[in-house]
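Note that these values count all heavy atoms, side chains included, but never hydrogens, waters or copies made by symmetry. Lettering of chains follows the sequences in order, A, B, ..., and the numbering in each one begins at 1.
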Amino acid sequence: MSTARTPSRRTLLGGAGLAGLAGAGTALPAGAAPAETTSGSTGDSPLKGRASMIGVPFAQRDTVRIGLIGLGQRGGTMWQGWAAVPGARIDAVCDIRADRATKVADQLEDDGHDRPREFGGSEGSFQDMLDEVKLDLVYIATPWEFHYAHGKAALEAGANAAVELPIATELDEIWDLVGTVEKTRNHLFLSENCCYGRNELAMMRAAHAGVFGDLSDGAGGYCHDLRPLLFDEDYYTDHWRRTWHTKHNRSFYAMHGLGPVANAMDINRGDRITTISAQASAARGLADYRKRFMPADHPSWNDTYVTGDLVTCLHETEKGRSIRTELNTTTARPYSRINSIQGTRGLFEDYVGTGDSGARIYVEPDHGDDAWHSFDPFLEEFDHWLWKEVGDDAEANGGHGGIDYLLQWRTVQSIRLGLVPDIDVYDSATWCAAVPMSEMSIEQGGATLEYPDFTRGRWSELRQGIDSKQKEMPK
Amino acid sequence: MNPMRTPAPTPSRTDDRPAAATLPATSTNRVLALRRIPQTILLALALVLGAAVPALAASQTPRQIDAQVSMVDLAEQDSIQTLSVTITNSSREAMTGTTITLHGPEGWTTSPEAITVAKRIQPGSRVTRTFDVRVPTLRDGFHSYTFTADIAYTGGDGHGSITGERVQTSGEPIASLAAARNNVGTTSLAQRAAGEFDGEGNSFSDAALKKEGVSRGSEIEGAGATFTWPDLGPAAKDNVVAQGQAISVDGSGSALALLASGSGLNAAGTVTVYYTDGTTSTGSLAVPNWTGVGAGVDTAEEVVASAGRNTPDGYANQDGTYRLYAVGVPLDSGKEIEAVQLPANATIHVFDLQIVG
Ligand SMILES: NC(=O)c1ccc[n+]([C@@H]2O[C@H](COP(=O)([O-])OP(=O)(O)OC[C@H]3O[C@@H](n4cnc5c(N)ncnc54)[C@H](O)[C@@H]3O)[C@@H](O)[C@H]2O)c1
C-alpha cells in the first residue's frame, strides 16, 4: 500500500470550510509553531518552550466550579448531570440565545442549587463569562464550528475544557489545541461519552486482560438514523448540523467508534494510529427523506447534500492492527455503534442483540465450539468499577443510559482528587483528526494518508487511561 | 489480597535432560511451584528460568550470560507496574549491541517492545533495564503468566542470545478431576438432549459404549495405565473440556496418562505439571477427533471404538466409529506432583487421568 503524506487542509479545501463561514478558527493563533500546523507532521519532539501534558494531573480542586457554553439540546440537558455530581457546582451558564441561559439558571435554582451567573446575547458572550467568572471546568456544547474557539478561550482563561464532539473540525485547529494545552497547562479533552459505555469498558478491560489474545482488529461507528432530527427546524439550532452535510464529505463522528477501540488497543499508550484512508458512498439518504417527507416550502429544499451516506475510515497502527469506523446518520437503520474487537484468541461484537448486554463473544479457551456466546458473563467479570460504583446513579441522572453521567462524575472526581485525566488532549486530537482527514482522503480517491502523532513521539509509553484504578469520590 | 511471593530466585538455566517418555517434554528448574495457600489469598508464584537458545557456533561452550526477569505484583490489579530484566556477564568478553525484547502474557500490554543497551556490558558486570507492564484484572481460577525476555548480543560468551523467563501464577488449582468435569460427553438415548460433546448436541452413546465393555466404573487399559470410566449416570458431566485449568493431583511416576477424545481436528496443546519441590515440566498432548482423524493419530492409543452416537434427533451415524484414546505425557520421575494444568484447547476432552508408575 502506498502512503501519501497528508496534504495541508488549506491546499485541499482552499479555506472554504464551514469553519470559515462560522467564524471559528479563522486565524492561526500567535505563537503556533509551523510544526503544529503542518498537516501530517508526526511531530516527534515537544515544541520548544512547552512540555508535554502526558501524565500531568489536573490541578486539584475540592469543589469544581463549572461553566457551560451552549445550552441547546445537549447542553440544555447535560447541566443536570454536572449539577448532580458531588463536589461540582455550576457557577455560570452561557448561550448566544440569552433566554436559554436564563432557562437553565431558573431550572438550577428550582432544583435547589445556587443561581449561576448568566451570559448571552452575543457571539462574544462566552468570552465575557470566561473573563468574569473563575472556573475550573468549561463544558462546551455548541455547534461543531465553534468548538475550537470556545475550547481555546477556556484554556487561555485558566480553565480545563470538556468539549463535545469533535474538539475542533480542522487539523491545524486540533494541533493548535494540543499546543495551547501544553502552553497553558490546563487540560482539554473530548467529552467522549461512548468511551464510558458499559460494554465498551468491559470490552476494553477484557482486551487488557488478554481474553482476546493479541489484538488485531477493531471496529466502531456512529450509525444512527438522524434524518428526522436533521430536518426538524426546532431541533438543531439554525439546522447547523444539516448544513454540515451540504459542505463536507467526511466522517463527522468518527470518535464514537474510534475512542472505545483505541482505548482497548492502548492507542497513544503503547500503540499509535499510523494511517487513515476513507471512502464515502453516494449522498442519497437526506435527499430521499426530503423528497418523501418535507413540504415544498421547507428550507432544506435549498440544500445539496454532499456527505456520503456511509463514510468508512480505515486505520493502521504501529503494531500492525487495523481499525474501521463507520458514520451513517442519513439512511433508514436501527442504532449501532458497531463496537467490536478481534484478537488472536477470539472476538467480541456489540449490537447483535444477544443476552442482556446485547453483545456476543467467542474466545479460546473458554469456547471451542465455533458458536457465539452471550457476553453477559464477561460483562459481569470485567465490569468497570465506575459502573459498579456509580452505575445506578448514572442511570437515574443522565442521558444515553448513564454514560453521560459517568463521564461527568469521573471528570469531577479526577479534578477533585488531582488525577491524570482518563482522556487527554492527545487522545482527543487523535480521535478527532479522523474528522478532517477522512475528507482529505476521500478527496484523493481514498488515499492512505500518514496520521499525525499528537503525542510527539511519546505514544509508546504505557499509561493508565480510562482503564483506571478504583478511587473514592471525596466526601 | 496479598500474593504469596517466592524468595529471590537464584540464577537458573534450561535443564537439557532428554524427554522421558512417549511425547516430547521440556523440564525447567523453576524455583517454586504451588504451595497450599488459603483460599482467600491470591497465589503469585514466580518461576524463573534462563533457557538456552541453540546457537550453532557456541553450542559446546558453557553459558556465562545470565538473564533474570523480576516479578509484577499480581495483587495490584488494574495498575501499571515495572518489570526489570537484569543481565549478568560472567564471561571474559564484553557484551555489545545488547537488545532486550520483552514478551508479556498474550494480550497484555508491555512497553517498550525492546530496549537496546547503549553501553558495553563489561565482564563481571550487570545491567538492569525496566519495562512497563499493565497488570489487568485477573480472571478467576488458576492462570499462569509468562514474561519472556529475549536477549541478543555480540561478544560475551559467544552464544549470541539468551532468554530469561518469569512465570507467575494466580488462583488455586481445582481440587480434583471429578470437580473439574464440565461437559456431558455420554448420554442415554432418553437423555440425549443433554449431550454436548462436540458443541452440536452430539454425544457418545452409553449403549454403544456398553457393547464395547465400557460402563459405569469399568476399567479401560491404555498408555500403561488403568483408567476408570466415570461412575456417573447418563447425561452427567463426565469429562473435562481443557481450558487451561489446573487440577490438583497427588503422586509421582514416569508418565501422566489421560483417557481423552477430541471434538476438533487439532485437539492438542501443552500440559504443564507442577511438582511439590517447586519445579515444573511440560509435555505435548494430542488427541484425535472422536471420529479418528486429526492431531495425534500417530501417537494416541485408541482404546475404545463405539458404533454410532447420540444426536439431538436420536441414535445416528451407526456406520461411524466414535473413539476414546489413551495418551501419555512424561513426568519428572521421582518428583511429587502437586498439580497438572491442562492445555487451553477446548476441543480436548479428558475423561480420566492416571499416573503411570
Ligand atoms: N456526545 C453526545 O452523545 C452528544 C449528543 C448530542 C449532541 N452532542 C454534541 O453537542 C453539541 C451541541 O449539539 P446540540 O444538539 O445541543 O445542538 P443545539 O443546536 O441544540 O445546541 C447548540 C447551542 O449552542 C448555542 N450557541 C451557538 N453559538 C454560540 C455561541 N457563540 N456562544 C454560546 N452559545 C452558542 C446555540 O444557541 C444552541 O443553544 C454538538 O457538538 C453535538 O455534536 C453530543
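Looking at every heavy atom in both residues, A:Asp266 comes nearest to B:Thr109 through OD2-OG1, 2.6 Å. Shortest non-hydrogen contact noted between A:Ser468 and B:Asp78 is O-CB, 4.2 Å. Between B:Thr137 and A:Ala209 the shortest heavy-atom distance is O-CB, 3.5 Å.
Without hydrogens or angle criteria, A:Gln464 side chain to B:Arg134 main chain gives no donor-acceptor distance under 3.5 Å. Checking side-chain atoms of B:Glu106 against main-chain N and O of A:Gly213 turns up no donor-acceptor pair under 3.5 Å.
Contact of B:Val135 with chain A is not made at all, since no heavy-atom distance falls under 4.5 Å. Looking at B:Ser263, there are no atoms closer than 4.5 Å to chain A (heavy atoms on both sides), in backbone or side chain. If you measure heavy-atom distances from A:Ala206 to chain B, you find no contacts under 4.5 Å at all.
In this structure B:Tyr145 satisfies the ring-ring contact (aromatic ring centres under 6.0 Å, His included) test together with B:Trp108, sequence neighbours excluded.
Chosen from A:Thr344, A:Asp271, A:Leu462, A:Asp366, the residue pairing most often with chain B at heavy-atom distances under 4.5 Å is A:Leu462. Of all the listed residues (A:Asp370, A:Asp214, A:Val211), the one sharing the greatest number of non-hydrogen pairs under 4.5 Å with chain B is A:Asp214. The candidate from B:Gly244, B:Pro136, B:Gly199 with the greatest count of non-hydrogen atom pairs under 4.5 Å with chain A is B:Pro136. In terms of heavy-atom pairs under 4.5 angstrom with chain B, the leader among A:Arg463, A:Glu364, A:Gln470 is A:Arg463.
To the nearest 0.5 Å, atom NZ of residue A:Lys319 and atom CD of residue B:Glu113 are 5.0 Å apart. The CG atom of B:Leu138 sits 10.0 Å away from the CD atom of A:Glu381 when rounded to the nearest 0.5 Å. Here the OG-CZ distance, from B:Ser111 to A:Arg269, works out to 12.0 Å after rounding to the nearest 0.5 Å. The line from CZ of A:Arg205 to CD of B:Gln77 is 9.0 Å long, rounded to the nearest 0.5 Å.
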Output a table of donor-acceptor pairs, distance under 3.5 Å, between side-chain atoms of residues 405-412 of chain A and any protein atom two or more places apart or on a different chain; print 'none' if there are none.
residue  : atom : partner  : partner atom : Å
A:Gln408 : NE2  : A:Met78  : O            : 2.9
A:Arg410 : NE   : A:Asp422 : OD1          : 3.1
A:Arg410 : NE   : A:Asp422 : OD2          : 3.0
A:Arg410 : NH1  : A:Gln413 : OE1          : 2.8
A:Arg410 : NH2  : A:Asp422 : OD1          : 3.0
A:Thr411 : OG1  : A:Leu407 : O            : 2.6

